[in-house]
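Structure, as structure tokens:
Note on naming: letters A, B, ... go to the chains in the order of the sequence lines (proteins, then strands), and numbering restarts at 1 for each one.
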Number of protein chains: 2
Amino acid sequence: MRPRDAAATEQALLDAARARFATDGFDRTTIRAVAADVGVDAALVIRYFGSKQELFTRAADLDLGLPDLTGVRAGDLARVLVDRFFAVWEDDPTFLALLRAATTSDVAAAAMREVFAAQVAPALAAVTDDRPAERAALVGATVLGFALSRYVLRVPPLVSMSREDAQTWLGPTLRHYLLD
Amino acid sequence: MRPRDAAATEQALLDAARARFATDGFDRTTIRAVAADVGVDAALVIRYFGSKQELFTRAADLDLGLPDLTGVRAGDLARVLVDRFFAVWEDDPTFLALLRAATTSDVAAAAMREVFAAQVAPALAAVTDDRPAERAALVGATVLGFALSRYVLRVPPLVSMSREDAQTWLGPTLRHYLLD
DNA sequence: CCGTCATGTCATCGACCGATGACACGAGGA
DNA sequence: TCCTCGTGTCATCGGTCGATGACATGACGG
């Protein structure tokens, strides 16, 4: 029996929503399904979050956890970034939810740009001061393209690629965008 | 007054559907809207294509027009590929429609994989015979990430990037994936 | 033991969508 | 001229969704 605990219920709804948004995208995710996953009535979701859009905004709040790259040696950059990549994409459905939603929702696309502007660009600015926004965007595009192909499109050679191989392939690309 | 020409009407519906799918994605595109764009009744769309899914499949049939890369010098590879990139993404809404749909539809994702397998991989196999599938997938991921960031997410530094700059940035990456 | 309020449910609304089948129109041939 | 058939329309169905507001329930304090 679920205890009558609003905070816990709200958290459970956010978790369920993240999972649904990640696998189904924004449009195909229904408030009814999220509520059913948690075992409550759909009306409760609206009561807590006001609207489906607001539920998404709350569920897709994202922290990439990028470390301070100041002083990281050039040779270690790729390893650090690719490690973060796998942590963010494989251990947490949030980014996948955001990506799936961003292709059909302006609000989600704006949220994604905000992640770049607030987290990626500042972190990478510690590595270079030549056209940092452009370089950060290219790194972002690289990461998104790899994630899209591997986790969404499921292109076979990328699905089965080991983390080490990913490191080996992506490393020189990331270094090129950041340092060349 | 539209002449009563089934073939022309069907073609107009396919064009309108491509445009709608490209901007709105699969779910938000309605048969009613496509029909209204052409000026016919929604029932006619169903009569011609059977279902919305089938309409999409017909509309998203895609030809990348990749040239034969045999004998293209390494220094020219990037230019050729980036040229094709812009032709495919900026002059034709088909790929954008496929990309938007692929993030929320297994059928569209499968269609995208098919494009890789049938067009990208064979074309790039002419350049290398060391792990060609892996290399082609990485090139594809690069291209998709750039397109996603530029045309869908509209990340500012990429939106305003000139073709020449795109060439300069992406060139070494593509060469790395194809030749290193 | 009772009342209150937070927590959660139920019934329902209005809108929209994909799809169906019957019907209208109009050009071209017998 | 009239009939036929290709082309397109109309009315409608069944279903789903987000959202709303009234109502139920149960824990906790007095």
Between C1' of C:dC17 and CG of B:Leu55, the distance in whole Å: 14 Å
Euclidean distance, atom CG of residue B:Asp5 to atom P of C:dG28 [Å, nearest integer]: 12 Å
Does the plane of the ring in A:Trp89 sit parallel, tilted or perpendicular to the ring in A:Phe95? Use 30° and 60° as the thresholds. parallel
Consider only side-chain N and O atoms of B:Thr9 and B:Tyr48, and report whether a donor and an acceptor are under 3.5 Å apart. no
Rounded to the nearest Å, what distance is computed from the CD atom of residue B:Glu54 to the C1' atom of nucleotide C:dG18? 15 Å
Separation of B:Phe49 atom CZ from C:dG18 atom P, in whole Å? 14 Å
In whole angstrom, what separates A:Phe21's CZ from D:dG18's C1'? 12 Å
Looking only at the aromatic ring of each residue, does the gap between the centers of B:Phe85 and B:Phe146 stay below 6.0 angstrom? yes
Within the supplied structure, the quantity of interest is the number of heavy atoms (other residues, nucleotides, ligands) at a distance under 6.0 Å from B:Asp106 CG; does it exceed 12? no
Whole angstroms only, please: what is the CZ-P distance between A:Phe26 and D:dC17? 13 Å
Grab the CG-C1' distance between A:Asp27 and D:dT16 for me, whole Å please. 14 Å
Just to confirm, is there a sub-4.0 Å distance from OP1 or OP2 of C:dC16 to any side-chain nitrogen or oxygen of B:Thr30? no
Heavy-atom donor-acceptor pair, B:Arg32 side chain to B:Ala42 backbone, under 3.5 Å: no
Out of C:dT9, C:dC17, D:dT9, minimum distance to the side chain of B:Leu44 belongs to D:dT9
Report each atom pair, protein N/O against N/O of nucleotides 19-22 of chain D, whose distance is under 3.5 angstrom.
residue, atom, partner, partner atom, Å
D:dA19, OP2, A:Lys52, N, 2.9

State whether a side-chain donor-acceptor pair under 3.5 Å links A:Tyr151 with A:Glu90. yes
Please classify the nucleic acid contact of B:Tyr48 as base, sugar-phosphate, or nothing, using heavy-atom distances under 4.0 Å. sugar-phosphate
